[in-house]
Number of protein chains: 2
Amino acid sequence: MNLKNQVEWALHCCSVMMGLPQGATLPAKVLAEFHGVPKEYLSKALQSLSQQGIVIGTLGPNGGYRLAKSPDEITFLDIVEAVEGKRSGFSCAEIRGNNPCLPKKHKAGKPCTIARYMWQADEAWRTSLRGVTLAELGRQLAEDVPAEVLSKSHEWLVARG
Amino acid sequence: MNLKNQVEWALHCCSVMMGLPQGATLPAKVLAEFHGVPKEYLSKALQSLSQQGIVIGTLGPNGGYRLAKSPDEITFLDIVEAVEGKRSGFSCAEIRGNNPCLPKKHKAGKPCTIARYMWQADEAWRTSLRGVTLAELGRQLAEDVPAEVLSKSHEWLVARG
DNA sequence: TTAATTACGGATGAATAATATCCGTAATTA
DNA sequence: TAATTACGGATATTATTCATCCGTAATTAA
Ligand code: SF4
Ligand code: SF4
C-alpha cells in the first residue's frame, strides 16, 4: 500500500514551477537534475500532469513545462490523482458472492457494507488532499525553508529554464 | 496504491466471528471455504490479527479463531493495520536533499512541508477507519443483508465450528 | 497412549505491479 | 537545416503481492 515515488516527484515539480516568472518554462531535464531523479521516468509523471491539465508542456528549444492554472486552483489531490489514478485504494473482490448460503437472486444488491466504510475512509483522504492548494504550500514553504535556499534554488532554475 | 486483498478477507472474517456463540471458534479452513479464498494464505491474515490481539487462535480439534474483544472495542483501523501495517501510504525519499543549492548544514531540518501534508491526509484516512467499530458494522449488516441470508450463514458456520 | 486436528511460522515459488530505460515521432526555434 | 523538446510506445529490471508447501507444537478425542 504505497503511493508511487512519482507522486513525491510531481509535487516537488509543481512546487518549483510555482516560482517561475510569467510564461517561463522548465524542461524535464532540468527538473530531473534539480531533484536528482531519472529524467525519462520523471517525464512520465510530467506527461500525466499535462494530460490532466495541471501543467502545459511546450515543444522545441526553450520549451518545457509550466503550470496551467493559478496555484490556488491546483490542489494536492489534483496532482496525486494525476499520477496515481482515481481508483480507491480498497478494491473489493466481491468475496461475499462466494458465500455458500447465498441465493442466486441476491446478486444485484447494492455495494457491500464493508466496502462502503472503506470507500468512506478513502474519501476522507481525498478530502484532506483537496483542502491543500499549491498556493498554501508556497506560503508554508516560505516559513519552513531558509530564504537563502529558496532564492538560490530560484536562480539556479531560472538560469536553466 | 492498493491495499492487500487480505484486508478485505480479514474484515469479512471478523464480521462473521462477531455472530459466534460465546467461546465458540471458527477454524481457518471453515472461514476460507465460506469466503472462497485459499486457506493457507488466509491463515497469514488471521495470524496477523492474532498477533495484534484482535482475535485469539486456539489449537487442537475444535480449535480455531474467535474475537479477543467486544465488537465495540474493535475498529476497522485495528483490522486494517494488523494486516496492512502502520506505515503511511506516502513514503518520502527525501529528494529535497538532492537540491544542488542546498548547504550541508541544512540536513537535520524538520520533516518536509510536502510530506507533512501527505501524512495529514493519511491521518484523516486512519481517523475515518478508527471511527467504525465491528459493532456498528454488525448493525449496518442487519439492515443491508436479508435476514434469511444472515441466519442461514450463521447456521452453516456454527455447524462447522 | 495414540492419532487426528489445529494454529503457527519459516521457506519458497508464481504472478503482478512499480521502477526505469530506450527509441522513434512531431513540433518548435535558432 | 540542425538542435531541442514533449510525447508515447515498447521493453527490461526490480520489488511487492499472492500463494503454496512443510515442519513444529499444542490440544483433544478415542
Ligand atoms: S462483502 Fe463488501 S468487501 Fe466483501 S466482497 Fe462484498 S463488496 Fe467486497
Ligand atoms: S521535501 Fe518532503 S516530500 Fe520532498 S523529499 Fe523532502 S521530505 Fe520528501
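Here is how names work: the chains are called A, B, and so on, in the same order as the sequence lines, proteins then strands, and each is numbered from 1.
Taking every side-chain heavy atom of Tyr41(B) into account, dT17(D) is the closest of dA6(D), dA10(D), dT17(D). Comparing atom distances between the Gln47(B) side chain and each of dA27(C), dA25(D), dG9(C) picks out dG9(C) as nearest. Listed candidates were dT5(C), dA20(C), dA6(D). Nearest to the side chain of Pro61(B) is dT5(C). For Pro27(B), taking side-chain heavy atoms from C-beta onward, the closest of the listed nucleotides dT21(C), dA7(C), dG9(C) is dA7(C). Side-chain proximity of Pro38(B) to the nucleotides dT6(C), dT19(C), dA19(D) is greatest for dA19(D).
For dC8(C), one of the phosphate oxygens OP1 or OP2 lies less than 4.0 angstrom from a side-chain nitrogen or oxygen of Ser50(B). Distances shown here put a side-chain N or O of Gln51(A) below 4.0 Å from the OP1 or OP2 atom of dG8(D). Between Asn62(A) and the phosphate of dA30(C), there is a side-chain N or O to OP1/OP2 separation shorter than 4.0 Å.
Atom pair Leu49(B):CG and dA7(C):C1' shows a separation of 13 Å (rounding to whole Å applied). Rounded to whole angstrom, the span from the CD atom of Glu40(A) across to the C1' atom of dA18(C) amounts to 17 Å. Note: NZ (Lys39(A)) to C1' (dC23(C)) measures 11 Å, nearest angstrom. Taking atom CD1 of residue Ile56(B) and atom P of nucleotide dT27(D), one finds them 13 Å apart after rounding to whole Å. For Lys44(B) and dA19(D), the NZ to C1' distance is 10 Å, given to the nearest whole Å. At whole-Å resolution of the value, CG in Leu42(B) and C1' in dA19(D) are 12 Å apart. To the nearest angstrom, C1' of dA19(D) lies 8 Å from CH2 of Trp9(B). When the P atom of dT16(D) is taken as reference, atom CG of Asn2(A) falls 8 Å away, rounded to whole Å.
When each of Met1(A) and Ala28(A) is assigned the nucleotide of DNA chain D bearing its nearest heavy atom, the one mapping closer to the 5' terminus is Ala28(A). Mapped onto DNA chain D by nearest heavy atom, Arg160(A) and Leu59(B) fall at different nucleotides, with Arg160(A) at the one closer to the 5' end. Taking the nucleotide of DNA chain C with the nearest heavy atom to each of Ser43(B) and Asn5(A), the more 5' of the two is matched to Ser43(B).
Within the shown strands, dT1(D) is the pairing partner of dA30(C) under the Watson-Crick or G-U definition, both distances less than 3.5 Å. Both distances falling under 3.5 Å, in either a Watson-Crick or a G-U wobble arrangement, place dG24(C) opposite dC7(D).
Between Trp156(B) and Phe34(B), the ring-plane angle classifies as tilted under the 30° and 60° cut-offs.
Pairs of residues two or more places apart, or lying in two chains, that qualify as salt bridge (Lys or Arg N to Asp or Glu O under 4.0 Å) and include a residue from residues 74-87 of chain B are Glu81(B)-Arg126(B).
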Test log, rule side-chain hydrogen bond (donor to acceptor under 3.5 Å, both in side chains), inputs Thr113(A) and Asp144(B): CA-CA 7 Å; Thr113(A) 314; Asp144(B) 293 353; 2.7 Å; yes
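Between the side chains of Asn62(A) and Thr25(A), no donor-acceptor pair of N or O atoms lies under 3.5 Å.
Residue-level contact check: Lys29(A) touches neither bases nor backbone, having no heavy atom under 4.0 Å from any strand.
His12(B) contributes no side-chain N or O that, together with a main-chain N or O of Ile95(A), makes up a donor-acceptor pair within less than 3.5 Å.
In this structure, Ser128(B) OG and Phe76(B) CZ are separated by 10.0 Å, a value rounded to the nearest 0.5 Å.
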